[in-house]
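Below: the structure, in C-alpha cells.
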Amino acid sequence: GKRQVKLTTEFTSDFQIRMEFHDDQAHLSEETALKEVVQNAENNKVEDIHVFDKGLKSRKTFEEFDADNISFVTRINGNSRYDIVRPMLYSDSSQDTQELEFIEDNAVKLYKSGHSKPIKTEFRLIKYFVKKKRVHLFFLTNLWDLEAQEIAHIYKQRWEIEVLFRFMKQEMNLTHFVCNDKNAIQVMLYCTMITTMLVLIYKKQNNIKSYKKAKIQFFKELNYLILLEILEQPN
C-alpha cells in the first residue's frame, strides 16, 4: 500500500539546473527516469559528457545515446558479457592513478540479457583495480579520444551528486515528508532545493569547500543582514 516518489536532478558545474518529479510506477525505474534526463539535458551539446551510475544499464539505451551523439561515461557489472573487438594501445603504467591500477582498455561489443549474439555498436571498456578496496571497476564509454585515466577521473566527478544529496538530507532536513499529498511534497522539495541552490552559490562565490560550513556561514550572514536592516531602519 505504499506510494513512492522519485526525484531526478541534473547536476553540472557544482549546480543543479533541472529537477524532475515523478510519482508514477514507470519512472521508479532508472532505465526510464535517468534515460529521459540524459536525453532532455539542458543545452545538450556534442562536447558534453554525461556521467551516470549502474542504475542505467540497458544496452539498447547505450546504443541510442551513441546514435544521438550523446557522450557518456558509466560503470557496468564485472560479470557483464562482452566480446573484445580490439585492444586500445596504452602503456599500463602510464594509465595508473593514485587510487587505481590500470588493467586493460578494449573496444568491445556487449551482449543484451538473454541474447546469444552481441550488439552491433562498439563501446570502450576500461578495467581498473582499486588498490585500497582491492576490487575491480569496469568503466564503459563511447569516448575514444581520451586516455583511460581521464575516463576514470570523469566518472569520479559523479560522486559530487551523492555528496549533495547527503547534504540535503543531513543539513537541509530532507529526511521525510510531512504528508503524502503530491503538491505538498513538490512544494517541500522545491523549497529545499531552492535554498540548497542559494547555499551552493554562496559556497562557490566565497570559495568554501565544505557544504556544512557554507550553510552555517550563509545563515549567519543572513541573520546579521536582517539585524543590520532593523538597526538602520527601525521604523
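Taking CD of E101 as the reference point, atom NZ of K131 lies at 6.5 Å (rounded to 0.5 Å). Going from atom OG1 of T12 over to atom CD1 of I49 covers 11.0 Å, rounded to the nearest 0.5 Å. With values rounded to the nearest 0.5 angstrom, S80 atom OG is found 8.5 Å from K57 atom NZ.
Under a hydrophobic-cluster definition in which Ile, Leu, Val, Met, Phe, Trp and Tyr are linked whenever side-chain heavy atoms come within less than 4.5 Å, directly or via other members, I208 and Y224 are assigned to different clusters. The hydrophobic clustering, which links ILVMFWY residues whose side-chain heavy atoms are closer than 4.5 Å, places L140 and V85 apart. The hydrophobic cluster containing V135 also contains I151, counting ILVMFWY residues as joined when their side-chain heavy atoms lie under 4.5 angstrom apart, directly or transitively. Hydrophobic clustering keeps L28 apart from L7 (ILVMFWY residues linked when any side-chain heavy atoms are closer than 4.5 Å, directly or through intermediates). Both F219 and M168 belong to a single network of hydrophobic side chains, linked directly or stepwise wherever heavy atoms of I, L, V, M, F, W or Y lie under 4.5 Å apart.
Using cut-offs of 30° and 60° on the angle between ring planes, the pair F139 and Y128 is perpendicular. The aromatic rings of F72 and F62 lie parallel to each other, their planes meeting at an angle below 30°, with 60° marking the opposite boundary.
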- side chain to side chain contact (heavy atoms under 4.5 Å, CB included) evaluation trace for L125 with I76: CA-CA 9 Å; L125 185 62; I76 62 171; 3.6 Å; yes
- Quick one: do Y82 and Y111 satisfy ring pair (Phe, Tyr, Trp, His ring centres under 6.0 Å)? Show the steps, please. CA-CA 6 Å; Y82 59 88; Y111 283 82; 8.8 Å; no
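Side-chain contact between H50 and F65 is absent, with no heavy-atom pair separated by less than 4.5 Å. In this structure, D48 and S71 have side chains that are not in contact, with every pair of non-hydrogen atoms separated by 4.5 Å or more. Residues R158 and Y155 have side chains in contact (heavy-atom distance under 4.5 Å, counting atoms from C-beta outward). Contact annotation: the side chain of L189 never approaches that of V5 to less than 4.5 Å [non-hydrogen atoms, C-beta and beyond]. Taking the side chain as every heavy atom from C-beta outward, E36 and T8 never approach each other to under 4.5 Å.
Closest approach of L174 and K169 over heavy atoms only: O-CG, 3.4 Å. Counting all heavy atoms, side chain and backbone alike, L200 lies closest to L164 at CD1-CD1, 3.9 Å. Of all non-hydrogen atoms in H136 and F129, the two that sit nearest each other are NE2-CD1, 3.6 Å. Of all heavy-atom pairs spanning A152 and L100, the tightest one is CB-CD1, 3.9 Å. The two residues L56 and T74 come nearest to each other via the heavy atoms O-OG1, 4.4 Å. When all heavy atoms of M188 and H176 are compared, the closest pair comes out as CE-O, 3.1 Å.
A distance-only check finds a donor-acceptor pair linking the side chain of E150 to the backbone of E147 [under 3.5 Å]. Although no hydrogens or angles enter the test, the distance criterion places a donor-acceptor pair under 3.5 Å between the side chain of Q95 and the main chain of A148. Side-chain N or O atoms of D53 include one that pairs as donor or acceptor with a backbone N or O of G55 at under 3.5 Å. Under the 3.5 Å distance criterion, the side-chain polar atoms of E10 are left unmatched by any main-chain donor or acceptor of V38. Judged by distance alone, with hydrogens and angles left aside, the side-chain atoms of D181 form a donor-acceptor pair with the main-chain N or O of N183 at under 3.5 Å. Of the possible donor and acceptor atoms, one in the side chain of Q157 sits under 3.5 Å from a partner among the backbone N and O of H153. For the pair R124 (side chain) and L143 (backbone), a donor-acceptor distance under 3.5 Å is present. Side-chain atoms of R81 come within 3.5 Å of backbone N or O of H115 as a donor-acceptor pair. In this structure, the side chain of S29 does not engage the main chain of A26 through any donor-acceptor pair within 3.5 Å.
Counted by atom type alone, H27 and E20 present zero donor-acceptor pairs between their side chains at under 3.5 Å. No side-chain donor-acceptor contact under 3.5 Å links Q149 and T97.
Q98 CD: 12 or fewer foreign heavy atoms inside a 6.0 Å radius. In this structure, D68 places its CG atom where more than 12 heavy-atom neighbours from other residues, nucleotides or ligands lie under 6.0 Å away.
Electrostatic pairing of E30 and K6 counts as a salt bridge here, judged by a charged N lying under 4.0 Å from a carboxylate O.
Just one of E63, K60, R59 meets the side-chain hydrogen bond (donor to acceptor under 3.5 Å, both in side chains) condition when paired with T121; it is E63.
Both tests pass for K203 against the ring of Y211: distance under 6.0 Å to the centre and angle within 45° of the axis. Relative to the six-membered ring of W144, R86 meets both conditions, a distance below 6.0 Å and an angle of at most 45° to the axis.
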